[in-house]
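Okay, so here's the structure we're looking at.
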Amino acid sequence: MPTITEGNPTIISLQLKNDDYTVVVGSGLLEETAKLIEEKTSIRSRKAAIVTDSTVGPLYAEAIEAALKEANIETCLITVPAGESSKSMEQATDVCRQMLRAGLDRKSFLVALGGGVVGDLAGFAAAIFQRGIPCVQIPTTIVSQVDSSVGGKTGVNTPEGKNLLGAFHQPQLVLADVETLSTLPDREFNEGFAEIIKHAAIRDASLLELVEKKDRIRDHLIELVARNVAIKAAIVEEDEKETTGTRALLNFGHTIGHGIEAAGGYGRFLHGEAISLGLVAAIRLSVAQSSLSPEEGARLIASLATYDLPTLLADDLSNETILNALQRDKKFEAGEIRFVLLDRIGSAFLSSDVTTGHLEAAINGLRSS
Ligand code: NAD
Ligand code: GLY
C-alpha cells in the first residue's frame, strides 16, 4: 500500500518494482518545483525541457521556469497546441526534435505541465528521448491530478484508435497543485469527475459521499485529489504493468467510452464526457449481469449527472461506428472482451461473459433514459 502523510501538502509515496516516487498534493507547489525535485528525487541535472500546451503554458510555465532558474536549472519551453489532437506520433517526434535542438541530452529531464494530453504526450517523449530520461509530472486538470499523472502509462493516439502507441514510463515526481484547478473552465473541471466516480465505483464507496457534496467540493480539493491518487497508487502498486487483472479494473467504463470518444473523432466529447457514457453503459450491464442493485446503479448515474456529465447518447453516432472503434481498443485480447463489471459500489471484477451483442444493447440503452 502507498504511504500517505495527510495535510497541505498531502504526500503519497508509491513503491514499485523498479521505481519509488512521491505524489505531492497541495496548494502553492509550482513555486516550490525546484526545491521539491531536490528533496524528493535523485534528479540533479541542470538542464530541463518544460513541455506544456498553448492554454496552460501562458498561465503557469513562468512560475516553474522562475523556480528552476533560481536553482540554476536551464530550461527550454516547448508548447504544443491544446487538445487531444496533440497526442500524436508526429507531435511526440516534434517535441523530441525541439529537445535535441535545445541541446538536451540523456542526463537532462522533462517537466510535463498540463492536463492528461500533455502528461501522456510529454511522458512518452521522456520515455523515448535517448532511450528514456526522468520525467516530473505537474498535472493541471482534475483528470490528470486524480488519474493520468500517476502510474506511468504514456502514449499517443493513431487514426486506428486511442493510446495504441506508448510506453510505461513512471514519473520521478508528481506535483498536483490544486490552485491550478481554479482556471479550469467548468466543462473541463466537471469532466474529471467521470474518473473520480469510476474510482469510487470500483474501490471506495465512501468517496462517493464526498463527490455527492458538489456545492462544497471546491473546499475539499486536496482531500479529493489525494484520496483518488491513493486509490490509483494502490492499484498500480498491486499490478504495475496490468498483467494480473487488477489494474484492468481501472478500465471500468472505458471499453464503450473509448469507442464513443474515437467515434466522435476526438473533438466532439472531452475524454471524461465519453467515459461518462461508457460508465452509464457499464453500470447498466452490471445491474443486468451482476449483483449491482438498480438503486446503486441509479445513484452512480445520478452522481455523473450532478457534474453535468452526459448520460444520453445522440442518435447520429451509429452503433457500427462505435463498435468498429471499440474493437480496435487494447481491452480486446485475441478478439475477446475483458469487460469490467461491478458487483456493488466499491467492488469490481473482470468478466469474459460480455458479448458484442451485449455491448450493442448497452449502446442502444444509452439512447433513452
Ligand atoms: P486535456 O489535457 O486536453 O485538458 C483539457 C483542456 O483543459 C485543454 O484544453 C487544456 O489546455 C486545458 N487546461 C488544462 N489545465 C488547465 C488549467 N489549469 N486551466 C485552464 N485550462 C487548462 O485533457 P484531460 O482531460 O486533462 O486529459 C485527457 C487525456 O488524458 C486523454 O488523452 C486521456 O486518454 C488521458 N488519460 C490518460 C490516463 C493515463 O493513465 N495515462 C488516464 C486518464 C486519462
Ligand atoms: N487510466 C488507466 C490506468 O492507468 O491503468
Side-chain angles (χ1 to χ4, degrees), residues 5 7-14 19-80 82 95-96 98-99 101-123 125-126 129 133-142 144-146 148-150 154 169-184 221-222 225-226 229:
T5 313
N8 181 10
T10 293
I11 312 276
I12 299 129
S13 302
L14 281 86
D19 303 271
D20 292 351
Y21 60 93
T22 304
V23 182
V24 185
V25 184
S27 54
L29 300 180
L30 300 188
E31 292 72 17
E32 307 282 305
T33 304
K35 183 172 148 272
L36 288 163
I37 290 173
E38 168 89 22
E39 271 175 27
K40 308 281 183 201
T41 77
S42 56
I43 297 171
R44 294 294 173 263
S45 168
R46 299 290 113 191
K47 202 151 191 173
I50 302 171
V51 180
T52 188
D53 76 20
S54 50
T55 302
V56 179
L59 293 170
Y60 300 114
E62 205 178 306
I64 295 168
E65 283 177 309
L68 295 180
K69 190 171 174 203
E70 176 98 14
N72 290 321
I73 298 172
E74 189 190 324
T75 57
C76 79
L77 184 66
I78 298 174
T79 306
V80 303
V95 167
C96 289
Q98 288 197 53
M99 285 161 62
R101 289 199 295 272
L104 272 83
D105 61 23
R106 65 199 175 90
K107 297 252 162 49
S108 310
F109 69 102
L110 184 154
V111 177
L113 169 69
V117 165
V118 166
D120 284 8
L121 170 74
F129 186 79
I133 58 169
C135 177
V136 174
Q137 290 277 355
I138 306 191
T140 61
T141 60
I142 295 266
S144 55
Q145 295 196 354
V146 304
S148 60
S149 62
V150 179
T154 73
H169 190 60
Q170 297 293 343
Q172 297 231 343
L173 176 68
V174 181
L175 301 181
D177 187 335
V178 297
E179 274 180 27
T180 62
L181 302 175
S182 64
T183 51
L184 259 189
L221 288 175
I222 294 178
V225 173
V229 168

Exercise: identify the closest heavy-atom pair between [X] and [Y]:
X      : Y      : result
Asp177 : Gln145 : O-NE2, 3.2 Å
Pro171 : Gln137 : CB-CG, 3.8 Å
Ile43  : Gln172 : CG1-OE1, 3.7 Å
Asp120 : Ser148 : OD1-CB, 4.2 Å
Val95  : Val51  : CG1-CG2, 4.0 Å
Thr52  : Leu113 : OG1-O, 2.8 Å

To the nearest 0.5 Å, what is the distance between [atom1] ([X]) and [atom2] ([Y])?
X      : Y      : atom1 : atom2 : result
Tyr21  : Cys135 : OH    : SG    : 10.0 Å
Ile142 : Thr180 : CD1   : OG1   : 9.0 Å
Met99  : Asp105 : CE    : CG    : 10.0 Å
Glu62  : Leu30  : CD    : CG    : 12.0 Å
Ile50  : Leu68  : CD1   : CG    : 5.5 Å
Ile222 : Asn8   : CD1   : CG    : 3.5 Å

Is [X] reaching over with its side chain to a backbone N or O of [Y], donor-acceptor style, under 3.5 angstrom?
X      : Y      : result
Ser144 : Ser149 : no
His169 : Ala125 : no
Ser27  : Glu179 : no
Ser54  : Ala82  : yes
Arg106 : Phe129 : no

pair Leu104-Cys76: side-chain heavy atoms closer than 4.5 Å:
yes
Test item: Ile138 and Tyr60 side chains (from C-beta on) under 4.5 Å apart, heavy atoms
no
Salt-bridged, Lys69 to Glu65, with N to O below 4.0 Å?
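Salt bridge between Lys69 and Glu65, a charged N being under 4.0 Å from a carboxylate O: no.
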Please identify which of these residues, Glu38, Glu31, Glu39, meets the salt bridge (charged side-chain N to carboxylate O under 4.0 Å, His left out) condition with Lys35.
Glu39
If the test is side-chain contact (heavy atoms from CB on, under 4.5 Å), which one of Asp20, Val150, Val174 qualifies with Leu14?
Val150
side-chain contact (heavy atoms from CB on, under 4.5 Å), paired with Ser13, selected from Thr22, Val24, Thr5
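That would be Thr22.
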